[in-house]
Engineer: 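The structure that follows is given in the form of structure tokens.
All heavy atoms count here, side chains included; hydrogens, waters and symmetry mates do not.
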Amino acid sequence: MMIFKKIVATLLLLGAVSAPSAHAETNKMTIGTGVDPAFSAFYVADKMGIFKKNDLDVDLKTGPSGSAMVGLLIQNQMQGAFGAEQAGILNSTLDPNVSVIAEGAALQRWFAIVGRNLESLDSLKGKRIGVARGTGSEIFWLALVDKLGLNVKDYDVIQVDAPEMIAALERGDIDAYSAWEPWVSKGLAAIPDTKILRDNEGVIEGRVYFYVNDGWVKANPEAAKRFTKSLVEATAAINDKPEEATRIIASFLKLDEEMLSGMMKKIRFDVRLDQQSIDNLVIGAKQLEAAKKLRKPVDWQQFVKPELLRSVAPDKVNFTAPQ
């Protein structure tokens with residue numbers, strides 16, 4: 001019995017000595033977004049080695065849209081994502097760990113309704129329009145409906161992911177689509193008899209946001225801070241070295257540099273979390289609520305997390321949280 005007690009005591013002592021004293025942070029991240037110049041901060045941070053310089057081992061994934069990738073933050077399948085308002089809001093009501101840390105870009109004349117063999121927006125009535133639900137495509141479409149007082153029952157709204165819209169229009173599956181660049185310019189260039197029926201000027205200024213899994217942030221606070229710092233640095237590189245950034249982005253997206261250069265002029269690249277950032281999120285939440293897509297009200301205190309951006313660029317944080 002005495003020998004047994006000594007063995008147990010020895011094992012407990014060895015366990016105490018070998019047990020780690022604290023959680024070791026990881027520098028590995030998987031992040032995701034769409035193939036869209038608005039998401040250039042991710043591409044530039046990756047291809048210019050900014051993530052690596054900040055001691056991060058980042059695996060960048062792309063999908064049909066930035067918004068589609070935001071859902072992978074649920075249950076920490078990914079740690080960071082870049083997408084539109086509705087995607088972050090909707091997924092935050094499914095998993096409270098989905099949080100927004102900053103706006104990444106604002107988009108002027110970036111969204112449009114592209115129609116084929118149609119003279120005007122009025123001629124779209126009774127016809128089929130492709131909309132990528134839960135993305136900037138739907139945000140713009142619903143904002144346009146609200147702005148012009150349109151009746152949604154006058155249109156046959158069909159779910160189409162952005163990369164499939166051009167082919168769907170060419171096949172005649174739809175008569176128009178609501179999309180963002182580069183799908184607007186690509187559609188106009190690829191299909192005869194197409195035109196912009198209406199863009200987002202005077203309707204809504206689109207924005208895209210950086211989202212994180214908050215559980216991962218809490219477990220890896222220093223890595224999360226370096227991730228945010230990388231996004232600020234990548235955005236500065238886009239603004240300070242536009243020609244080099246455009247070459248990198250064009251190569252990544254497989255876009256013509258001249259076409260991309262024109263698109264880049266429509267984007268304000270700036271990492272911020274100000275009142276306009278928050279107001280656009282509120283618009284997205286109201287659209288989702290009106291469409292009865294929210295499972296529960298948005299917990300703004302849980303969803304909006306300014307601490308990371310404040311730690312690296314305090315002058316970029318200035319807002320009053322929604323009630």
Engineer: May I ask you to decide whether K28 forms a salt bridge with D57, counting only side-chain N to carboxylate O separations under 4.0 Å?
Structural biologist: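 Yes.
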Engineer: What is the minimum heavy-atom distance between S185 and M263, and which atoms define it?
Structural biologist: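 Heavy atoms of S185 and M263 come nearest at CB-CE, 3.8 Å.
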Engineer: Would you sort out whether F227 and I31 count as a side-chain contact (heavy atoms from CB on, under 4.5 Å), showing the intermediate values?
Structural biologist: CA-CA 10 Å; F227 174 62; I31 65 175; 4.1 Å; yes
Engineer: Side-chain contact, heavy-atom cut-off 4.5 Å: V114 with L197?
Structural biologist: no
Engineer: Can you name the nearest heavy-atom pair linking S311 to K225, along with the distance?
Structural biologist: OG-CG, 3.7 Å
Engineer: Any pair with a residue in residues 227-236 that passes side-chain hydrogen bond (donor to acceptor under 3.5 Å, both in side chains), sequence neighbours left out, goes on the list, sorted by first then second residue, please.
Structural biologist: K53-E233, N54-K229, N54-S230, N54-E233, K229-E233
Engineer: Once you round to the nearest 0.5 Å, how far does CZ of R226 lie from CG of L231?
Structural biologist: 13.0 Å
Engineer: Sub-3.5 Å donor-acceptor pair from the side chain of D299 to the main-chain atoms of Q302, do we have one?
Structural biologist: yes
Engineer: What I'd like to find out is whether the side chain of K61 reaches to under 4.5 Å of the side chain of L72, using heavy atoms alone.
Structural biologist: no
Engineer: Distance check, rounded to the nearest 0.5 Å: T33 atom OG1 versus Y43 atom OH?
Structural biologist: 5.5 Å
Engineer: Tell me if a side-chain donor or acceptor on D175 pairs with a main-chain N or O of R128 at a distance below 3.5 Å.
Structural biologist: yes
Engineer: Assess the side chains of D161 and Q159: does a donor N or O sit below 3.5 Å from an acceptor N or O?
Structural biologist: yes
Engineer: Which heavy-atom pair separates V160 from G130 by the least distance, and what is that distance?
Structural biologist: CG2-CA, 4.0 Å
Engineer: Is it true that E289 and K296 have a side-chain N and a carboxylate O under 4.0 angstrom from each other?
Structural biologist: no
Engineer: Take atom CD of Q75 as the centre, draw a 6.0 Å sphere, and report whether it contains more than 12 heavy atoms from other residues, nucleotides or ligands.
Structural biologist: no
Engineer: Counting distance only, does the side-chain N/O of N220 pair as donor-acceptor with the main-chain N or O of T26 below 3.5 Å?
Structural biologist: yes
Engineer: For the atom pair CG (N280) and CD1 (I139), what is the distance rounded to the nearest 0.5 Å?
Structural biologist: 8.0 Å
Engineer: Let me confirm one number: the NZ-OG distance from K47 to S40, rounded to the nearest 0.5 Å.
Structural biologist: 13.0 Å
Engineer: Would you check if I283 and I204 make a side-chain contact, meaning some heavy-atom pair closer than 4.5 Å?
Structural biologist: yes
Engineer: For Q108 and E205, which I'm curious about, is there any donor-acceptor pair between the side chains at under 3.5 Å?
Structural biologist: yes
Engineer: Kindly say whether A105 contributes a backbone atom to a donor-acceptor pair with the side chain of R207 at under 3.5 angstrom?
Structural biologist: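 Side chain of R207 to backbone of A105, a donor-acceptor pair under 3.5 Å: no, none is there.
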Engineer: With under 30° as parallel and over 60° as perpendicular, where do the rings of F303 and Y211 fit, or are they tilted in between?
Structural biologist: parallel
Engineer: Salt bridge between R247 and E257, side-chain N to carboxylate O under 4.0 Å?
Structural biologist: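 No, R247 and E257 are not salt-bridged.
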Engineer: For residues P37 and L255, report the shortest heavy-atom separation together with the two atoms involved.
Structural biologist: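 Taking every non-hydrogen atom into account, CG-CD1, 4.3 Å.
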Engineer: Can K293 and E138 be said to form a salt bridge (charged side-chain N to carboxylate O under 4.0 Å, His left out), step by step?
Structural biologist: CA-CA 13 Å; K293 292 182 178 180; E138 186 176 35; 2.8 Å; yes
Engineer: Look at the side chain of D256 and the backbone N and O of M259, then say whether any donor-acceptor pair between them is shorter than 3.5 Å.
Structural biologist: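 Here the side-chain-to-backbone pair exists.
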Engineer: Looking only at atom types and distance, does a side-chain atom of S92 sit under 3.5 Å from a main-chain N or O of I89, one as donor and one as acceptor?
Structural biologist: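 Yes; judged by distance alone, with no hydrogens or angles, the pair exists.
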Engineer: Could you please spell out the steps behind the side-chain contact (heavy atoms from CB on, under 4.5 Å) verdict for F319 and I278?
Structural biologist: CA-CA 7 Å; F319 68 92; I278 299 301; 3.6 Å; yes
Engineer: Would the distance check show the side chain of T93 and the main-chain N or O of L90 forming a donor-acceptor pair, the cut-off being under 3.5 Å?
Structural biologist: yes
Engineer: Taking the side chain as C-beta and beyond, is there a heavy-atom pair between V271 and L309 under 4.5 Å?
Structural biologist: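 Of all side-chain heavy-atom pairs linking L309 with V271, at least one is under 4.5 Å.
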Engineer: Run D156 and I174 through side-chain contact (heavy atoms from CB on, under 4.5 Å) and show every step you take.
Structural biologist: CA-CA 9 Å; D156 185 8; I174 55 176; over 6 Å; no
Engineer: Report yes or no: does N213 contribute a side-chain atom to a donor-acceptor pair with the main-chain N or O of W216 at less than 3.5 Å?
Structural biologist: yes
Engineer: Do V304 and L273 touch side chain to side chain, with heavy atoms closer than 4.5 Å?
Structural biologist: yes
Engineer: Show the nearest heavy-atom pair for residues W110 and A38, with the distance to one decimal.
Structural biologist: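 Reported closest heavy-atom pair: CZ2-N, 3.9 Å.
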Engineer: Any side-chain heavy atom of Y155 within less than 4.5 Å of one from K127?
Structural biologist: no
Engineer: Kindly determine whether E244 and M48 satisfy side-chain contact (heavy atoms from CB on, under 4.5 Å), including the steps that lead there.
Structural biologist: CA-CA 10 Å; E244 181 182 356; M48 278 191 176; 3.7 Å; yes
Engineer: So does D270 pair up with K316, basic N to acidic O under 4.0 Å?
Structural biologist: yes
Engineer: Run R116 and D193 through salt bridge (charged side-chain N to carboxylate O under 4.0 Å, His left out) and show every step you take.
Structural biologist: CA-CA 6 Å; R116 186 180 191 187; D193 302 316; 5.5 Å; no
Engineer: Check the pair D214, K305 against salt bridge (charged side-chain N to carboxylate O under 4.0 Å, His left out), reporting the backbone distance first and the verdict last.
Structural biologist: CA-CA 9 Å; D214 195 46; K305 293 296 180 66; 2.8 Å; yes
Engineer: Can you confirm whether V58 sits close enough to F42 that some side-chain heavy atom of one is under 4.5 Å from a side-chain heavy atom of the other?
Structural biologist: no
Engineer: From T62 OG1 over to D36 CG, what is the distance, rounded to the nearest 0.5 angstrom?
Structural biologist: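 T62 atom OG1 to D36 atom CG measures 11.5 Å (nearest 0.5 Å).
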Engineer: Any side-chain heavy-atom pair from V208 and E103 closer than 4.5 angstrom?
Structural biologist: no
Engineer: When the ring centroid of F111 is compared with that of W183, is the distance short of 6.0 Å?
Structural biologist: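 Not under 6.0 Å, so no.
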Engineer: Just by distance, do the side chain of R295 and the backbone of L94 share a donor-acceptor pair under 3.5 Å?
Structural biologist: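 A pair under 3.5 Å: no.
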Engineer: Show the nearest heavy-atom pair for residues T194 and L188, with the distance to one decimal.
Structural biologist: OG1-CA, 3.5 Å
Engineer: Is there a donor-acceptor contact under 3.5 Å from the side chain of Y177 to the main chain of S137?
Structural biologist: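 No, Y177 side chain to S137 backbone: no donor-acceptor pair under 3.5 Å.
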Engineer: So, taking the atom named OG in S178 and the one named CG in L144, what distance separates them when rounded to the nearest 0.5 Å?
Structural biologist: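 The OG atom of S178 sits 8.0 Å away from the CG atom of L144.
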